[in-house]
There are 2 protein chains.
Amino acid sequence: MHENAQGESIPIRAALEAGDGLEFDLIELFFFAYRDFTSDPDQILSTDGFGRAHHRVLHFVNRMPGLTVAELLDVLKITKQSLARVLKQLIDTGHVVQMKGPKDRRQRELYPTPKGRALALALALPQSRRIRAALQETGPEERALIRRFLKAMVNPELRAQIDRLPHGGAPDVDGEPNDG
Amino acid sequence: MHENAQGESIPIRAALEAGDGLEFDLIELFFFAYRDFTSDPDQILSTDGFGRAHHRVLHFVNRMPGLTVAELLDVLKITKQSLARVLKQLIDTGHVVQMKGPKDRRQRELYPTPKGRALALALALPQSRRIRAALQETGPEERALIRRFLKAMVNPELRAQIDRLPHGGAPDVDGEPNDG
DNA sequence: GAAAATACGTCAGCCTTGTTGACATATCTC
DNA sequence: GAGATATGTCAACAAGGCTGACGTATTTTC
């Protein structure tokens, strides 16, 4: 009776295939795409002794200068102890500076330095190149469509947060009533 | 002279915005989308004491039954020591079985058990639902386009590997001469 | 048929980045 | 002044990457 009622023993030789509403191909593509998407920045970061976590912090501090620690935690969905580790390093290396909040002096507003801005740009460059190259394959007019798809992949509660990020530059925003 | 030539001190107050070929919005959307995309399986896996690494192994063993350890390492791009840890658990829990290669008996072919197949399906379900919901936003006829975009995000060397995965089911494959 | 190469397993230790829990300090609010 | 809030920090732990080293079975090569 310690033999289980099967299920654990016989090997299945048939490949699991798409169909029946199972999107294996897109699941796999998403996995491979994200892995390669993060590989170029990882390369650059490693020379500074940084990792992917530093990248994220640096990115959002550059995108939303003056955001507080609490706001950053809310964007990244990590604990303050996790954040503290990498944020401290970014501050010590002069990529990010903290300033007491002018209204509430318990808060710490985070700003990039020129050095931090430069690194953020350097990290965004290969990722942007990759995206543009991919859009080349679909036709660049599909940018809005890709954006809509990715946004719809995000949990609804979090989409509001995304809308709060600066939009500037790109001409073809979604249907949202965002840019005046 | 231990003051640096600036760059590390002054806080920048202007937000980094898209434009100049910098695709900040898509970069962020990709990050948020992937995070949420992996969150549903993570939930399920945690009840078995498994993590994301188990998911990947289980997924590809189900998609390519009989693949060898070396082949799996090549797909996942991790070291055999990393793989060993999670693979052992999947075998011990009866989700995966090993069989000596019939031609080369040094090899170990990996197969899912019914139990392993069931878990793989359970993990693919919420991810597939999310993808279908997102395709609803773009119009489901754009599936091929999304696929083309994601594939183009993958490093060229690796795209061949993707083509070797089973395609079945989905009616609108890309231009590739794949389905006879 | 011996020697070398290959496929795999395993031991040991390290790193990054996430987690929880506890506690200190400054500041704001009531 | 009391209590809530924003942040920092210490300590310990877990997952899942990594390197290096070594053992064993099997195949290939000379």
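Heavy-atom basis, side chains included; hydrogens, waters and symmetry copies ignored. Letters A, B, ... mirror the listed sequences (proteins, then strands); counts begin at 1.
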Here the distance between atom P of D/dC18 and atom CG of A/Asp42, to the nearest Å, is 12 Å

_By the 4.0 Å heavy-atom rule, please label B/Gln98 as base, sugar-phosphate, or nothing._
sugar-phosphate

Here the distance between atom C1' of C/dC11 and atom NZ of B/Lys88, to the nearest Å, is 13 Å

- Salt-bridge test for A/Lys151 and A/Asp163: reply yes if a basic N is under 4.0 Å from a carboxylate O, no otherwise. yes

Taking donor-acceptor contacts at under 3.5 Å, does the side chain of B/Arg105 reach the base of D/dT26? no

Closest to the 5' end of DNA chain C, once A/Arg108 and A/Gly49 are matched to their nearest nucleotides, is A/Gly49

Exercise for review: Assign A/His55 to base, sugar-phosphate, or nothing according to its heavy-atom contacts below 4.0 angstrom with the strands shown.
Suggested key: nothing

Using a distance-only test with no angle check, is there a side-chain donor-acceptor pair under 3.5 angstrom linking A/Glu28 and B/His59?
yes

Testing D/dA6, C/dC8, D/dG8 for proximity to the side chain of A/Lys80, the answer is D/dG8

Measuring only between side-chain heavy atoms, which start at C-beta, is A/Phe32 closer than 4.5 Å to B/Leu158? no

Polar side-chain contact B/Gln81-D/dG16 base: donor and acceptor under 3.5 Å: no

Taken to the nearest whole Å, CD/A/Glu71 to C1'/D/dT7 is 14 Å

| said: It should be established whether B/His54 places a side-chain nitrogen or oxygen under 4.0 Å from OP1 or OP2 of nucleotide D/dG16. | reply: yes

Donor-acceptor pair (no angle test) under 3.5 Å: A/Arg106 side chain, D/dT7 base: no

Separation of C/dC8 atom C1' from B/Lys103 atom NZ, nearest Å, is 20 Å

Report task. Taking atom CD of A/Gln161 as the centre, report whether more than 12 heavy atoms of other residues, nucleotides or ligands fall under 6.0 Å from it. Result -> yes

Using OP1 and OP2 only, check whether a side-chain N or O of B/Lys100 sits under 4.0 Å from D/dT26.
yes

Next item on the list: Count the heavy atoms belonging to other residues, nucleotides or ligands that lie under 6.0 Å from NZ of B/Lys77, then report whether that count exceeds 12.
Entry: yes

Here the distance between atom P of D/dG17 and atom CG of B/Leu73, to the nearest Å, is 12 Å

When you measure only distances, ignoring hydrogens and angles, does the side chain of B/Arg85 come within 3.5 Å of the base of D/dG17 through a donor and an acceptor? yes

From CD of B/Gln89 across to P of D/dG16 the rounded distance in Å is 8 Å

In whole angstroms, the gap separating C1' of D/dG17 from CZ of A/Arg35 amounts to 13 Å

When rounded to whole Å, the CE to P distance for the pair B/Met99 and D/dT26 reads 15 Å

Assign each of A/Ile78 and B/Asp104 the nucleotide of DNA chain C bearing its closest heavy atom; nearer the 5' end lies the nucleotide of B/Asp104

**Phosphate OP1/OP2 of C/dT17: any A/Ser82 side-chain N/O under 4.0 Å** = no

